[in-house]
Each structure stands twice: as structure tokens, then as C-alpha cells.
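First comes the structure, then the notes that go with it.
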Amino acid sequence: MGKLVALTLLGAFLALIGERLVALREKTNAYREVEPVEPQNCHLIEGLENGSEDIDILPSGLAFISTGLNYPGMVNFAPDKPGQIFLMDLNEPNPRVQALNISDGFDKASFNPHGISTFIDKDHTVYLYVVNHPHMESTVEIFKFEEQQHSLIHLKTIKHELLKSVNDIVVLGAEQFYATRDHYFTNFFLATLEIVLDLHWTYVLFYSPREVKVVAKGFNSANGITVSSDKKYIYVADVFDKNIHVMKKHDNWDLTPLKVIQLDTLVDNLTIDPDTGDIWAGCHPNAIKLVIYNTEDPPGSEVLRIQNALSEKPRISTEYANTGSVLQGSSVASVYKGKLLIGTVFHKALYCVL
């Protein structure tokens, strides 16, 4: 009798895992092949060879680019090289990137930058907030940007028990920001099992020196996050659920869900066009190719533009798509006055004139 019960339970468990694996292949678009959509005026950016995971552009046209992300389960072409922050001036006729120097006293050897966000104070001082994974932990680093010296002065490291598996960040005030947690478990095996079992345990948190709290939860894998031009709405990408959550921001920093924009691609980072308010999304058309890297069949890239996100029927258009022959694993797309930058998790970066 005991053996029969054990075999029955084992069979039920294996059936569950089998069903979950089938669902996972659908969730990750394992069979999808992207159709190319490539603007004519695009070229790869020289000097960015080891990822450009996130990009944030100042109103002045200076673009910050995080590179060198070492992320569990993801390929890295230079695993022993620490991450960097690059700067690119989009006002120049032929903009080039330059690595920013980081002040002494900061552990540059373990720098592992992920999502980034800028904040401009009342005195016009620019601060760069960086999600960092030193030794595979999660911290938020605050830097002061010195434009003349092309450098970053490290000011503070933020740690908190809720700041685990942090992916992206959007800063709305001095030491006031929202951040996404993309996995509940920090152990790689358990984090993988979490996705397989479709647990939806990740969240968005709000941080300030006075208060740290979870403000939205129930995501499969909360990823990119940004704020609308009028600062009234927060947009959150759920990468494995292939959608964007639109949330209303309240004065106490709480978030109220308003709607979900469903897509057919895995959405990574989000940015806002400052001129139109449109959402630009760096996406992964096929996540299996991203995780199981094959030089003969590399992961593709896809960039979506979402117009009128608050309307009943937002307009969704594909602005860039490539099979991986040019750009692999697109994670972000950011625009400035008719110019488009597309970054990747571990590959190169693209500059386009629209």
C-alpha cells in the first residue's frame, strides 16, 4: 500500500513538472522566430562589446550606459572583467562612448552594474543610481556625476533586507526610488524552479531613508521599471508574463494597478520618450536562445514602442527586430531627439538615427 501511494505521488509530481515544462516553453517563446525590422541608419557602437544592459539619457542628451553585467545563468564574454559605466553625448554628430572613472574608495573590482536611473537635484547636480551585484548580492550605489572630469564620485551604498535580486530602479527624489525584484529566491536552482512553477512571488518596492515597503506584488518576474513624463504613473515590465503593468502613483508612494498591456515578447527594460511620453521597451523574442547560448543560433533582439499606454487600445509597433545576426539579447531602448540607442544584456549596442 505504501509503495502504491509513493508511486502515485511520484507520478503526480512528474506529471506536474512535465506540464510546467511545457508551459515554460510557451512562456519563454521557445519556438518563436523574429521577423527582421531594421531601420537603415543604424550602426554598432564601437567600444561596447560586453553588454549595455541599461541606458538612461539626461535631458541634455548625455547617455549613461551600464556594461559588464554578470548575471546567473546568462552568458558573459568577459566574466573576469568588472563592470563599467559609459557616457555618450548624443548631441555630437558622431557620438562615441567613453568609460567614466569611478572615485577611489569604491570596490571597482566587484562592480556588477544592472539597472540604472538618474536624478537631477534643484541645484542641477546629476546623481546616478546603480543596481549593483557585488559577489552576487544586491545593493544600490549612489554616484555624483562630474561632467568636466568625466567621473563618478561614489557617495553611498544602500542595503536592505527587501533589496534582494534587484533588477531595475527608477529614482524620483533624493534617495527615493522604486525598485523591482526579479526573483524571490537568490539561489540559482530555486530561482529557476520558481519560474518553472510559475509562483508569482516577486514585487516592486519603494525605498526612502524613512520607509521601505512593498508597493506592488504578484509578478512572475518584475523587471524593468520607469515613470511617466508627468510622474503620475509607474510602468513595470513582467518579463516572463510578457506584459507591462500600468500603475497609479499616490502621494504616499503606494501604487494602484490600473491595467496590463499584454505583448507576445519578453519585456526587459522600459524607458519614456521625453517628447511624446511613449514607452520604449527592449525585449527578448525567444528567451530559450538567450539562456542556452548558441553561436550558430543566437538570441534575437526586439524593440517595441507603446503609444497611448493609458488608453483602452494602446498602439504597439515594432521599431527594431533582428535575428541575432547584428544584435543579440536586446534589453533596453532609449530615444533622444530622433536618435535611438539599443542596449543588450551581454552583447553589443546599436545607435540609430530615426
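Remember, it's a predicted structure, so these values are computed and weren't measured experimentally.
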**Prompt:** Is there a donor-acceptor contact under 3.5 Å from the side chain of T265 to the main chain of H284?
**Reply:** yes
**Asked** Is there a donor-acceptor contact under 3.5 Å linking the side chains of H133 and N70?
**Response** no
**Item:** Short side-chain to backbone donor-acceptor contact, N223 and T180, under 3.5 Å
**Value:** no
**Between D254 and N252, a side-chain donor and acceptor under 3.5 Å** = yes
**Request:** State plainly whether the residues D297 and K289 are in salt-bridge range, i.e. N to O under 4.0 Å.
**Result:** yes
**Asked** Between F106 and H154, what is the ring plane arrangement, given parallel below 30°, perpendicular above 60°, and tilted in between?
**Response** tilted
**Request:** Could you tell me whether a side-chain N or O of D168 sits under 3.5 Å from a main-chain N or O of G115, the two making a donor and an acceptor?
**Result:** no
**Asked** Yes or no on salt bridge (Lys or Arg N to Asp or Glu O under 4.0 Å) for E141 and K156, after CA distance, side-chain angles and deciding distance?
**Response** CA-CA 6 Å; E141 312 292 347; K156 186 175 183 178; over 6 Å; no
**Asked** Any side-chain donor paired with an acceptor under 3.5 Å for E26 and Y31?
**Response** no
**Item:** Test item: K108 side-chain N/O and I102 main-chain N/O as donor-acceptor pair under 3.5 Å
**Value:** yes
**Request:** May I ask you to check whether F77 and F346 place their ring centers less than 6.0 Å from one another?
**Result:** yes
**Message:** Can you confirm whether the side chains of N322 and S301 place a donor and an acceptor under 3.5 Å from each other?
**Reply:** no
**Prompt:** Between F219 and F240, is the ring centre distance below 6.0 Å?
**Reply:** no
**Message:** Is it the case that the side chains of H245 and N243 hold a donor-acceptor pair, with the cut-off being a distance below 3.5 Å and no angle test?
**Reply:** yes
**CD/Q149: more than 12 non-hydrogen atoms of other groups inside 6.0 Å** = yes
**Request:** Count the heavy atoms belonging to other residues, nucleotides or ligands that lie under 6.0 Å from CD of E46, then report whether that count exceeds 12.
**Result:** no
**Message:** Less than 4.0 angstrom from a charged side-chain N to a carboxylate O is my criterion; do D241 and K27 meet it?
**Reply:** yes
**Asked** F177 and F119: aromatic ring centres closer than 6.0 Å?
**Response** no
**Request:** Test E175 against Y129 for side-chain hydrogen bond (donor to acceptor under 3.5 Å, both in side chains), laying out the working first.
**Result:** CA-CA 9 Å; E175 293 190 45; Y129 287 62; 5.8 Å; no
**Item:** Shortest non-hydrogen separation from W253 to V215 and the atoms involved
**Value:** O-CG1, 3.6 Å
**Request:** Flag yes if more than 12 heavy atoms outside K232 fall under 6.0 Å of its NZ atom; otherwise flag no.
**Result:** no
**Asked** Checking side-chain hydrogen bond (donor to acceptor under 3.5 Å, both in side chains) for the pair N76/K81: CA distance, chi angles, key distance, verdict?
**Response** CA-CA 10 Å; N76 187 313; K81 183 178 179 181; over 6 Å; no
**Donor-acceptor contact present, side-chain N286 to main-chain A30, <3.5 Å** = yes
**Message:** If hydrophobic clusters are built by linking Ile, Leu, Val, Met, Phe, Trp and Tyr wherever their side-chain heavy atoms come under 4.5 Å apart, do V130 and L58 end up in the same one?
**Reply:** yes
**Request:** Carefully, step by step, assess V214 and V204 under the rule side chain to side chain contact (heavy atoms under 4.5 Å, CB included).
**Result:** CA-CA 6 Å; V214 174; V204 176; over 6 Å; no
**Prompt:** Is R96 close to M88 at the side-chain level, that is, under 4.5 Å between some pair of heavy atoms?
**Reply:** no
**Request:** Please check if the side chain of Y184 supplies one atom and the backbone of L199 the other of a donor-acceptor pair under 3.5 Å.
**Result:** no
**Request:** May I ask whether L172 and L163 are part of the same hydrophobic cluster, defined by side-chain heavy atoms of I, L, V, M, F, W, Y residues being less than 4.5 angstrom apart, directly or through others?
**Result:** no
**Message:** Can you confirm if the aromatic rings of Y178 and Y207 lie within a centre distance of less than 6.0 Å?
**Reply:** no
**Item:** Test item: S330 side-chain N/O and E302 main-chain N/O as donor-acceptor pair under 3.5 Å
**Value:** yes
**Message:** So, applying side-chain contact (heavy atoms from CB on, under 4.5 Å) with L341, which one of T271, V332, I55, L350 is it?
**Reply:** I55
**Request:** State whether the side chain of N308 and the backbone N or O of S311 hold a donor-acceptor pair below 3.5 Å, judged by distance alone.
**Result:** no
**Request:** Test Q98 against D89 for side-chain hydrogen bond (donor to acceptor under 3.5 Å, both in side chains), laying out the working first.
**Result:** CA-CA 9 Å; Q98 178 179 356; D89 188 349; over 6 Å; no
**Prompt:** Is there a donor-acceptor contact under 3.5 Å linking the side chains of N91 and Y336?
**Reply:** yes
**Request:** Keeping the roles fixed (side chain from T318, backbone from L304), state whether a donor-acceptor pair exists under 3.5 Å.
**Result:** no
**Prompt:** Once you round to the nearest 0.5 Å, how far does OG1 of T323 lie from CD of E38?
**Reply:** 7.0 Å
**Message:** Any heavy-atom pair between the side chains of P134 and F111 that's under 4.5 Å?
**Reply:** no
**Asked** Where do S317 and E319 land on the side-chain hydrogen bond (donor to acceptor under 3.5 Å, both in side chains) test, with the steps shown first?
**Response** CA-CA 6 Å; S317 57; E319 301 297 324; 2.7 Å; yes
**Side-chain donor-acceptor pair present, T256, H250, cut-off under 3.5 Å** = yes
**Asked** Do any N or O atoms from the side chain of N132 and from the backbone of T139 form a donor-acceptor pair under 3.5 angstrom?
**Response** no
**Where T67 and P113 come nearest, the two heavy atoms and their spacing** = O-CG, 3.3 Å
**Request:** Go through the structure and list residues passing side chain to side chain donor-acceptor pair (under 3.5 Å) with H183, not counting sequence neighbours.
**Result:** Y71
**Message:** Once rounded to the nearest 0.5 Å, what's the spacing between atom NZ of K313 and atom CD of Q307?
**Reply:** 16.0 Å
